[in-house]
*Asks:* 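Before we start, here is the structure in question, set down as structure tokens.
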Amino acid sequence: MMVNRSLIAVLLSATLLQFCNAFSVTTSSVAELIRLLPDHSANDVLRNVLRADEETTQQSPVRLDGLVTKRRAIGKHLIFIDVVPLDLPEIPAPKSKTNKSYEAVELMTPVQAIMRSDVWNDVVGDGTNNSTPSSYEIYHKIIQPGVHVQLTGHAGPSRNSNEAIVFCQSAKYTLANDNPQHLRNVLRYVKEGVLDMNEVLDALPCISHEEFTNIMGLGNQTSPTNSFGEMAVELLSKFPRNYLCNPSQLMGSTNSQKVKLLPPAPPEYVNAPSICLDKDDAAAGEEEAEEEDVVSIAICQLIWVMSRTAEKEQKRMDSNTYKQFTITGWVQNRRRYQGSISVLELVDEFTSLALLDNHEEETASPMDTTSENSKLRDLWNKRIYSILHPEAMSSVEASEMYANIAGPGARVMLHGYLQANSSDDVATFWVSNCRLLRSSWRPSAVRQVLDLLHDGKFEVDEAADSLKLSGGYSQAEDIANGDTSATERQWMAAEITQSLQGENTRIGKISSSMEKSLDSFAFARDRYPIEKIESTELAPTRGIVTSLLQSNESPLRTSREGSRWQRAKKPQLKFMIQQISTVLRSHPEFGQRKLKVVDIGGGKGLLSNLLAETFGDDTVEVQVVDISRSATNNGMMRAKRRGLKNIQYNALDATQLDVTGVDVVVALHACGVLTDVALGHAVCQGAGFVVCPCCFRSNPHLRVSVPANKDGDREFVTAEEWLQVDSDPALYGQLKQLAELQGDIKMASTAMHTICGLRASSVDKLWHNTRLPAAELGISIKTFPIGFSTRNFCLVGTFIDT
């Protein structure tokens, strides 16, 4: 049955229907805590709790203990968590090679939980001071896949009528995972005194109180020289093998493992309707659809509601009642299940989850549960739940392909069957054919479309249209003809991603104070414009990029085509070598003596070893400084294997570095204030510099060494004092937060440019107090192709011959 124009006209004039009823809840101070047990009953119990709460207008507290298997953060105020109800594992025997505690995880359906700052009620700080984070901010950071947690909250509605989720109000960290990168954040919070040490000790059952305080340097112990990362490694080494969960176990290293980790499909989605299996009827419907108007999501909803109403009035709920037509909409959410089954939740207007949150960061207030639940149900029930099923789409390949590329933010056109009499409260649409109208902005989705096109598995015109290729159909044809390498397609995906991003793709919100920060510091961008080091051609593999990649003047390791090394690290290193070469040659004493170069935060020396090898013993002497002893040991061994004698490694705090005699300071992806530390050293010594910043909100505790006078004395100041923004540090904090914005690279880049401009201004203001006050310094902000890294800014200080 097809939908004609007259029916659409009638539906357009219909009154907007309500799809859900608001319900009232009140907090009960005497309600008994309900624990969700690890016996496969948790989701059923939670759903029953929600129904009971709706009927009794009470809010029953629930407690969930288990293993975090998945985490998705949306900005700072919203995080989704999947938790498998699970008791804490017993410590295995010393010779045990497996931990059976985690064997059943993939067989259990997780409970969904949501952490929102406006629901949270266990606050130890207001979050306005960088040194005093709220308890929500702490748990937002440390609850990661693989850890065990105890969550307390109440039941709330899910987008599916037969599901409920836990709205968390407080949490407890009960067992660490096996990832030192995660544990180091926990240790940092303990060191700062904002996370209870006893709670963390309980989560590290193989560590005694004495061992912990010794390693952490707490109490009367001498402060350790190890980084938090090294402390984490040492603590984890004391656990029996396989006792703690490694997060990689929860992600799957192969496709088959990833499929096993998917939840089973709900019973109503397991089998496609028999009408979908009639391919002749489906093909005829598609041909007829070409002559009819494509139906919007709102119209489809009205059709569904009217059809259900008619069925009920006739007291006829025939399970084979379906309406066939074509719809178009944006993918608001995607859920994937085992059996190559996926559900696309379609809307007429896509809105990022962060924008659905009405609470401004600086004015977040407790949530009105009644109105919030009503709003959520209203939003979810206005969506069309489109089923991608291999039986309905003729093949597993088709259903999996579109499930992969049609993620949130994509726009699709679907032909199929609306199940007009679904017993659920949402409209279900069984898809027989799909077309991608606009790709999601995410680089992984764009890259998949490019790879499918290259492999001959995707239509040329569909790729050209959905990716909005600047070269149109001819560019898509070039890719389909195999004229691009895997590395080139990765770079191309990064470039295309920018054109697909905008206000509605942001993962996070832009507050009025963030906008104010851009305006207040606009002078820094005006004074230091960006010099782009990239080609204007379609693919960033021509011009200067080609010369960098094809240069053989310095040996670099090889790896497979399309690897992270080939597409990102290698071109970044060669870009840095080119910039460092320019700075070295501009030095007034270049060629007269050996110049000293220091690499701040140089880690295992990928840049410095290449630098030492490229310029040789007669030209440079290189020093690598990093707080991680394991990283510097690694780099030192690499240097020895390559026979490098003009390089040394030191494991120490970069803020305490003696920069006497340093001529050039370099740093690649110096995290947060470490960039300011590197620039401060350059100013103190009158050195040139090539510094690429990264992670703008990291290392706020570091202090910057700056010249106190022309006699060579130094003083240590905060980053805000160094940048002369200490009169309003909160405004600068908003600028840093904006620089970390995801999903809108143009806005984030404007913030990054602003911060780099402030840093360049500070260098210029203090340069007259340096060792070489007579030498002029040219300061520039350069960017390399974003395909190499989204953190693609570089501050370059070159000597000017006067």
Side-chain angles (χ1 to χ4, degrees), residues 130 517-531 579 583 598 600-601 654-655 657 659 662 664-667 670-710 712-736 738-739 750-773 775-783 791 793-800:
N130 285 337
S517 70
L518 287 178
D519 294 337
S520 299
F521 302 124
F523 69 88
R525 299 193 301 275
D526 296 337
R527 184 175 180 184
Y528 296 97
I530 295 173
E531 180 183 343
Q579 301 305 316
V583 174
V598 63
I600 303 294
T655 61
L657 176 66
V659 292
V662 171
V664 177
V665 176
V666 302
C671 290
V673 180
L674 190 60
T675 289
D676 301 294
V677 170
L679 294 174
H681 283 322
V683 170
C684 285
Q685 185 59 21
F689 54 85
V690 180
V691 179
C692 287
C694 184
C695 306
F696 290 85
R697 301 174 68 189
S698 298
N699 295 317
H701 61 284
L702 296 181
R703 294 297 178 261
V704 183
S705 175
V706 298
N709 50 52
K710 293 184 180 181
D713 296 328
R714 297 188 302 167
E715 60 180 338
F716 289 90
V717 299
T718 65
E720 289 75 16
E721 291 170 332
W722 144 258
L723 297 175
Q724 300 183 30
V725 296
D726 50 311
S727 61
D728 194 352
L731 191 63
Y732 179 62
Q734 293 296 306
L735 184 64
K736 291 190 293 181
L738 189 56
T750 301
M752 288 187 266
H753 180 194
T754 307
I755 294 174
C756 288
L758 290 172
R759 287 165 167 165
S761 297
S762 295
V763 171
D764 184 66
K765 289 175 183 177
L766 292 175
W767 186 255
H768 64 279
N769 284 343
T770 66
R771 180 176 61 90
L772 297 173
E776 293 290 336
L777 188 73
I779 307 172
S780 59
I781 300 175
K782 301 183 180 182
T783 61
R791 296 294 183 264
F793 281 75
C794 187
L795 286 150
V796 181
T798 308
F799 295 99
I800 300 175

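Both backbone and side-chain heavy atoms feed into the values below; hydrogens, waters and symmetry mates do not. Note that the structure is a prediction, hence the values are computed from the model and not measured. Residue numbers run from 1 in the order of the sequence given.
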*Asks:* Rounded to the nearest 0.5 Å, what separates atom OG in Ser705 from atom CZ in Arg714?
*Replies:*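 That separation rounds to 3.5 Å.
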*Asks:* So, taking the atom named CG in Asn699 and the one named NE2 in His701, what distance separates them when rounded to the nearest 0.5 Å?
*Replies:*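 Here the rounded value is 5.0 Å.
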*Asks:* Hey, is the main chain of Thr718 close enough, under 3.5 Å, to the side chain of Glu721 for a donor-acceptor pair?
*Replies:*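 Pair found, side chain donor or acceptor close to backbone of Thr718.
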*Asks:* Passes side chain to side chain contact (heavy atoms under 4.5 Å, CB included), Val666 versus Val598? Steps please.
*Replies:* CA-CA 6 Å; Val666 302; Val598 63; over 6 Å; no
*Asks:* List the steps and the verdict of side chain to side chain contact (heavy atoms under 4.5 Å, CB included) for Phe521 and Leu735.
*Replies:* CA-CA 9 Å; Phe521 302 124; Leu735 184 64; 3.7 Å; yes
*Asks:* Find the distance between SG (Cys684) and CG (Leu766) and round it off to the nearest 0.5 Å.
*Replies:*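 With rounding to 0.5 Å, SG (Cys684) is 8.5 Å from CG (Leu766).
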*Asks:* Between Leu777 and Gly797, which heavy-atom pair has the shortest distance, and what is it?
*Replies:*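 Closest heavy-atom pair between Leu777 and Gly797: CD1-C, 3.7 Å.
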*Asks:* Would you compute the distance between atom NZ of Lys782 and atom SG of Cys756 and round it to the nearest 0.5 angstrom?
*Replies:*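 Answer for the NZ-SG pair, Lys782 versus Cys756, is 13.5 Å.
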*Asks:* Please find the pair of heavy atoms, one from Phe716 and one from Thr655, that lie closest to each other, and give the distance.
*Replies:*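 Scanning both residues completely, I find the closest heavy atoms to be CE2-O, 3.3 Å.
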*Asks:* Testing Val725, Asp726, Thr754 one by one against Tyr732 for a side chain to side chain contact (heavy atoms under 4.5 Å, CB included), which residue passes?
*Replies:*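 Answer to the side chain to side chain contact (heavy atoms under 4.5 Å, CB included) test with Tyr732 among Val725, Asp726, Thr754: Val725.
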*Asks:* Please confirm whether the backbone N or O of Leu758 pairs with a side-chain atom of Ser762, one donor and one acceptor, at under 3.5 Å?
*Replies:*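 Yes, the answer is positive, given that a donor and an acceptor are paired below the 3.5 Å cut-off.
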*Asks:* Going by heavy atoms in the side chains, are Thr675 and Phe696 under 4.5 Å from each other?
*Replies:*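 They are not in side-chain contact.
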*Asks:* Mind checking side chain to side chain contact (heavy atoms under 4.5 Å, CB included) for Ala760 and listing every partner two or more places apart, or none if nothing turns up?
*Replies:*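 For Ala760, the residues satisfying side chain to side chain contact (heavy atoms under 4.5 Å, CB included) (neighbours in sequence not counted) are Tyr528, Ile779, Leu795.
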*Asks:* Is there a side chain to side chain contact (heavy atoms under 4.5 Å, CB included) between Phe799 and Glu776 once you walk through the steps?
*Replies:* CA-CA 6 Å; Phe799 295 99; Glu776 293 290 336; over 6 Å; no
*Asks:* Locate the shortest heavy-atom distance separating Leu731 from Ser517; write the atom from each residue and the value.
*Replies:*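 Leu731 and Ser517 have their closest heavy atoms at O-CB, 3.5 Å.
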*Asks:* Could you grab the distance from atom CD of Glu531 to atom OG1 of Thr783, nearest 0.5 Å is fine?
*Replies:*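 If we round to the nearest 0.5 Å, Glu531:CD and Thr783:OG1 are 8.5 Å apart.
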*Asks:* Taking all non-hydrogen atoms of both residues, which atom of Leu657 and which atom of His681 are closest, and how far apart?
*Replies:*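 For Leu657 and His681, the tightest heavy-atom pair comes out as O-CE1, 3.8 Å.
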*Asks:* Between Cys794 and Val691, is there a side-chain heavy-atom distance shorter than 4.5 Å?
*Replies:*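 The answer is no; the side chains never approach within 4.5 Å.
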*Asks:* For Arg525, enumerate each residue passing the salt bridge (Lys or Arg N to Asp or Glu O under 4.0 Å) test, keeping only those at least two apart in sequence or located in another chain.
*Replies:*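 In terms of salt bridge (Lys or Arg N to Asp or Glu O under 4.0 Å), with neighbours along the sequence ignored, Arg525 is linked to no residue.
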*Asks:* How close do Ala687 and Val665 get, heavy atom to heavy atom, and via which atoms?
*Replies:*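 Taking every non-hydrogen atom into account, CB-CG2, 4.2 Å.
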*Asks:* Any side-chain heavy atom of Val683 within less than 4.5 Å of one from Pro707?
*Replies:*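 When only atoms from C-beta onward are counted, Pro707 and Val683 do touch, with a gap below 4.5 Å.
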*Asks:* Mind listing the closest non-hydrogen atom pair of Trp767 and Ala682 along with its distance?
*Replies:*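 Taking every non-hydrogen atom into account, CZ3-O, 4.1 Å.
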*Asks:* Between the side chain of Arg697 and the main-chain N/O of Cys695, is any donor-acceptor distance below 3.5 Å?
*Replies:*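 No.
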*Asks:* Under the criterion side chain to side chain contact (heavy atoms under 4.5 Å, CB included), I'd like the reasoning laid out for Asp713 against Glu715: C-alpha separation, chi angles, the key distance, then a yes or no.
*Replies:* CA-CA 7 Å; Asp713 296 328; Glu715 60 180 338; over 6 Å; no
*Asks:* Do the non-hydrogen side-chain atoms of Phe793 and Ile781 ever get within less than 4.5 Å of each other?
*Replies:*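 Yes; the side chains approach each other to less than 4.5 Å.
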*Asks:* Can you pull the salt bridge (Lys or Arg N to Asp or Glu O under 4.0 Å) pairs that have at least one residue in residues 754-764, sequence neighbours excluded?
*Replies:*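 Of all non-adjacent pairs touching residues 754-764, those that pass salt bridge (Lys or Arg N to Asp or Glu O under 4.0 Å) are Arg527-Asp764, Asp676-Arg759.
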*Asks:* With a 4.5 Å heavy-atom cut-off, do Trp722 and Leu679 have their side chains touching?
*Replies:*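 Counting from C-beta outward, Trp722 and Leu679 do come under 4.5 Å.
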